[in-house]
Each structure stands twice: as structure tokens, then as C-alpha cells.
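Before any comments, here is the structure.
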2 protein chains.
Amino acid sequence: MLKLTKKVDYALLALSFLSQQEEGQVVNIREISEAYQIPTEILAKVLQRLSKKGILQSHHAPKGGYSLKKPAKNVSILDVINAIDGSVGILSCSDGHDKTCQQIDNCDIRSPLERIQGKIMWLLEDMSLEEFIHSEPTTGGVLHGSINLPGQPRYH
Amino acid sequence: MLKLTKKVDYALLALSFLSQQEEGQVVNIREISEAYQIPTEILAKVLQRLSKKGILQSHHAPKGGYSLKKPAKNVSILDVINAIDGSVGILSCSDGHDKTCQQIDNCDIRSPLERIQGKIMWLLEDMSLEEFIHSEPTTGGVLHGSINLPGQPRYH
DNA sequence: TTAATAACAGACCATTTTGGTCTGCGATTA
DNA sequence: TAATCGCAGACCAAAATGGTCTGTTATTAA
């Protein structure tokens, strides 16, 4: 539930790897797949999509491979997710054009969910790849320790 | 991707319906399923879980049904999601105890993802059912219009 | 007391999504 | 011109999800 797909995980791992290279350094799929034990074929697809979306630059030749196309601070996590999974949407009748949605006429929850979705998209868009990679490890292993939004949850 | 399940949709619809009843009014499954065209059997399961988790009160008798167990402002959206889907987790190696995760030893992305997850959980926990139900319709149909966090996205 | 009502419980199947594989093509350069 | 590497898409397997079916238990009104 609300889970990221493995492909997004792979994308983020690969991008993290590429970010650690020297400027303009080209890395091929095999290196990355070995570093993280990711099946090469599927990693290939993931990187292909990232390159099609302008996040990676591909070098289509022997000794070729991939490199970041733009600085890590100019790529948002939302960009990555969108590149891999199409688009983020917490609604099950995603884009509002789902004609088969039985609840469409008296759906009380659509616009509230859109608000929540908007907030989630905002925070994903607000976090750059650079920021993402340089996150401090969370302390204590409990999620609440890492929250940096203002205020406190009101429940429990 | 990052999608809520239909069961959560059904739960939120039912809760919304129940919130609109008079205080302590009991409603049975059939009424709700008819109101929103939800298959009764699956709605039954959803409501059962909500009642098991203390969100709904069940009245196990003829003319029985369900009612809210506590005021809508004391129930968070996260509570509802947790009740239905177990728990929210954007990580694909959800709870960190996934022994089959190949990346576990050199996973660069775990803690950054936990930070993001924490933020998402925070905002879901911060929104009460009452607030959820009384959300204004989003204007213009575009998600960005409904965002009320400070600042602006930095990309695009 | 009992029949009707409505929740409870869990096995079960179908559909969809996702993860992953296989096969072959295209571009570049040593 | 052959080796290396990315590109592309069909394809299959596994898992998650949505939904169905069968039967049981609690309560109450007749």
C-alpha cells in the first residue's frame, strides 16, 4: 500500500551510483547491476526510461553507458517516479477519466484525496536527487525521528 | 504507483456516509453499498476490519449495523489506511526485515526513503476524517491548486 | 422459542499489476 | 568489420488485489 515499485528503487539506486561518479563519467549497466545485485535486463529498461525522459544521457557505443544528464540538484524524486511508473496517483480512479468508476456520481472522497495527493506530490517534487542522496541516516530506526515538517501529529 | 487500494476508497466512502448520519445512528451494510454501488460482500469485510480496529462500532442484530465509534475528528486518515491495508510503507523492502532484499548490504536509498515515508505518514496522520470530509472541492481540477504547504516546488 | 436479520469468518477464484526473461535490432568505435 | 553497448518489444511468472461463495454466530422481535 502506497508502495514504490522495485523499478523505482532500482532507478534511485542507479542514480545514486551515478551521482557518486566523477563529473561526466560514463558507467555501463553491468557495473551498476553488479554493485547492487539487480538483474541486468530489468535495470536496462529502467535506465532506458530514465534516458528517454532526459534524466540520464546514454552513450551508445563500446565503452559507453550512462551518465547523469543534469546536476542531481535539478532532478526531483517526483521526476524519477514519473519517468519510471508513468505518474503518481493515490486515487484508484486515477485521472478522473475512469468511466468504469461506479462511485463517480456521488463520490464524496475524490477532492479530499486530491488534496492529499497534491501534498504528497509536492513533497516528492520538493526533494532533489542531491538532497535525497545526502540524507542523514535516520536515528533510532523509528520513522518519527526523521520527520521535519512543522507541528506534531494529533493522534495517539 | 503510490496508489490507494479500492478497499481504502470503500472505507473512506463508508466513513464519510456514516459521518453524515445523526449522532449514534446505525446504518447497515446494504444501505451503504447501495449508496455507492459497492459490492456488499467486500464492503462487509472492509467494515469488519474498521470495527475490529476500533474505528466503527458494530451492532450485531436485526436493525443493527455500524456507527462511528469515536468522533470523526479523532480518526486520522492514516488510521483508516492502517486498518484496511495493514500498514503504509513506500519501501518495497517494507519493514527492513526482508531477508530476500538483495540490496540490503549496500543500499544507499533506504534511509532517504524512510524520510520521505515519514513525511507522508505525518501528513496522513495529521488529517482527521472530519477535516477530510469537509475539504473544499479543488478548484480548476488541477492538483497544484489545492496544495497548501508553504513554499513552491523548485522544478520545471 | 424461534425465525428473521445482520454481522463474522475464511476459503476460494479472477483479474490486474508487477517483476523478470528472452530474442533480436541498431549505433558507435577501436 | 566485429565487438560492445544501448534500444525495443513480445512474452511469461509471481504476487497483490478485487471480488465471490459458503457457512456460522449474535441479537431481537414476533
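Computation of the quantities below employed the complete heavy-atom set of this structure, encompassing side-chain atoms and omitting hydrogens, waters and symmetry-equivalent molecules.
- Residues B:L113 and A:D9 are in side-chain contact: their nearest non-hydrogen atoms beyond the backbone lie under 4.5 Å apart.
- In this structure, A:R49 atom CZ and D:dG6 atom P are separated by 17 Å, rounded to whole Å.
- Checking A:L4 against A:K63, the closest nucleotide of DNA chain C that is more toward the 5' end is the one next to A:L4.
- Of all nucleotides listed (D:dG6, C:dA7, D:dG19), D:dG19 comes nearest to the side chain of B:Y10.
- Looking at A:Q117, its side chain does come within 3.5 Å of a backbone N or O of A:I90 through a donor-acceptor pair.
- Contact check on B:E41 versus B:K45 returns no salt bridge, with no Lys/Arg side-chain nitrogen under 4.0 Å from an Asp/Glu carboxylate oxygen.
- Between the CD1 atom of B:I42 and the P atom of D:dG19 there is a distance of 5 Å, rounded to whole Å.
- Within the nucleic acid shown, B:L47 has no heavy atom closer than 4.0 Å to any nucleic acid atom.
- Atoms CG (A:L56) and P (D:dG6) sit 11 Å apart, rounded to a whole Å.
- Nearest to the side chain of A:S51, among D:dC7, D:dT28, C:dA7, sits D:dC7.
- In the interface, the side chain of A:K3 is not paired with the base of C:dT18 through any donor and acceptor atom under 3.5 Å apart.
- Contacts of A:K45 with the nucleic acid, taken as non-hydrogen atoms under 4.0 Å apart, include base atoms.
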